[in-house]
There are 2 protein chains.
Amino acid sequence: MPIGVVNVRYLVLGLLARRPMSGYDIRRLLRSLGWLIGIPSSGSVYPALKALESQGLVTKEVTVRHDRPPRKVYSIGVAGKQALRQWASAPASASTLRAFVIRLMLASSMSPEAIVRYLQDRQSLVASHAETLQELVRRLDKMDDLGELLALDYGVAVARAELAWLDDTLVRLRETLPPEEVMGDVSAAPAAGDV
Amino acid sequence: MPIGVVNVRYLVLGLLARRPMSGYDIRRLLRSLGWLIGIPSSGSVYPALKALESQGLVTKEVTVRHDRPPRKVYSIGVAGKQALRQWASAPASASTLRAFVIRLMLASSMSPEAIVRYLQDRQSLVASHAETLQELVRRLDKMDDLGELLALDYGVAVARAELAWLDDTLVRLRETLPPEEVMGDVSAAPAAGDV
DNA sequence: AAGCGCATGTAAAAGGTTACATGATTAC
DNA sequence: GTAATCATGTAACCTTTTACATGCGCTT
């Protein structure tokens, strides 16, 4: 199953940040998540690990075993953690749903502030997206083209659901995280209810 | 902006099925849809048009204009319509959200039965996906990993919204379409509410 | 005996983006 | 005058998939 357009290298690096794993482990983990992210082919995972190692971001530990191919467990290093943090904290721009999830899963590698910022950015992005779509639906309305109508309507539905989730999650997150760390003006972000 | 993993060729072909357009028109249309699909680069659209033409699926009509580059409007042909219908009616397998939308937008090139089947297939696919995710959330629960928890929760939320939309839409569609054309047992499909 | 899970990898091909080239017209 | 829109296209590069190679142990 294809994973789409998202540097596998960072996904792999992010997963190694949680615990040391082999290439096989990584694929298995992703497979267990089913659809959420998809399963990158071995043809992308193994080269990614190699590249990360040669970049000095991860280290390899080989366990030789008779009969079986040697198990190669990779661990993230200091440089890797830094690179990851940098990537995870970079502005997300117009990322797709899947790209969003991938980075979301790597939340543990972000500071609480970065997580909140990430969600807030997503919020305004999706909000403006939803508005655009709704404006289009309004203009279409008449029996223009069934396919376009369906697609737009679907887009609106998904975008609304995302906004609702973002709203909820930000609230929950603020309850959990230390309350002193109040971010910049949050109330400026559009609420899910009014889109 | 990347469009993800979806042969641009079929997207282009599908859009030409709606009305004759130039490569520029196609990109403009997609741009107006904002986020929903994304905007394939000219480096993929123009070659796609060429390929479609050399395959005999579309025909080109050139309008020469002084000053400006000639405007090349492509129209879908009979063979093109057939190829499109065939593609649109093929089983969707584990397609991503975006791939789903793209084909959804091409609904006008499908028979009503094919549309309903498409949505039903999506329904069972998303339902099983949602179940998997929920099972994972249940097992995780404890403070395992914030990122994974967020990602799974997000996945569940989006999947539920999709199911709700599919439910709604199938109902609306059945109201609109001739009622004689009742498909195979629909009640077997899981409802959105109980997931 | 066949097939799947474990476990690693490689090479070719496909598909797409990026960046460039070209050049007139319109809006600020 | 400067930027954006119109309008086409090419070539190098990057990422990813596909398909293969290898081979043991366990289950059906």
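No experiment lies behind these values; they were computed from the predicted model shown. Reckoned from all heavy atoms, side chains included, excluding hydrogens, waters and symmetry mates. Below, chain A is the first sequence line, B the second, and so on; all start at residue 1.
Across dT17(C), dT17(D), dA7(C), the shortest atom-to-atom separation from the side chain of Y46(A) is found for dA7(C). Out of dG9(C), dT8(D), dA7(C), the shortest distance to the side chain of R71(A) is found at dA7(C). With dT17(C), dG9(C), dG16(C) as the candidates, the nucleotide lying closest to the side chain of S41(B) is dT17(C). Closest approach to the S42(A) side chain among dG9(C), dG9(D), dT17(D) is made by dG9(C) (side chain taken as heavy atoms from C-beta onward). The side chain of V8(B) lies closest to dG16(C), out of dG16(C), dG9(D), dG23(D).
Within the helix from dA1(C)-dT28(D) to dC28(C)-dG1(D), the inter-axis angle between the opening and closing five-pair segments is 40°, rounded to 10°.
Mapped onto DNA chain D by nearest heavy atom, R31(B) and K60(B) fall at different nucleotides, with R31(B) at the one closer to the 5' end.
For dT16(D), the OP1/OP2 oxygens have no side-chain nitrogen or oxygen of S44(A) closer than 4.0 Å. Taking 4.0 angstrom as the limit, K50(B) places none of its side-chain polar atoms (N or O) nearer than this to OP1 or OP2 of dT8(D). Dashed line: the shortest gap from a side-chain N or O of Y24(A) to OP1 or OP2 of dT8(C) is not under 4.0 Å.
The residues D153(A) and R172(B) are annotated as salt-bridged, a charged nitrogen and a carboxylate oxygen being separated by less than 4.0 angstrom.
Among the protein residues, S22(B) comes within range of the sugar-phosphate backbone only, with heavy atoms under 4.0 Å from sugar or phosphate atoms but none that close to a base. Among the protein residues, R65(A) comes within range of the sugar-phosphate backbone only, with heavy atoms under 4.0 Å from sugar or phosphate atoms but none that close to a base.
Stacking of R160(B) on the aromatic ring of W165(B) is not recorded, the 6.0 Å distance cut-off and the 45° axial limit not both being met. Because its NZ or CZ atom is not both nearer than 6.0 Å to the ring centre of W87(B) and within 45° of the ring axis, R9(B) does not count as a cation-pi partner of that residue.
Between the side chain of Y118(A) and the backbone N or O of F100(A), at least one donor-acceptor pair lies under 3.5 Å.
E61(B) and Y74(B) share no side-chain donor-acceptor pair at under 3.5 Å.
Nearest heavy atoms, T132(A) versus S32(B): CG2-O, 4.2 Å.
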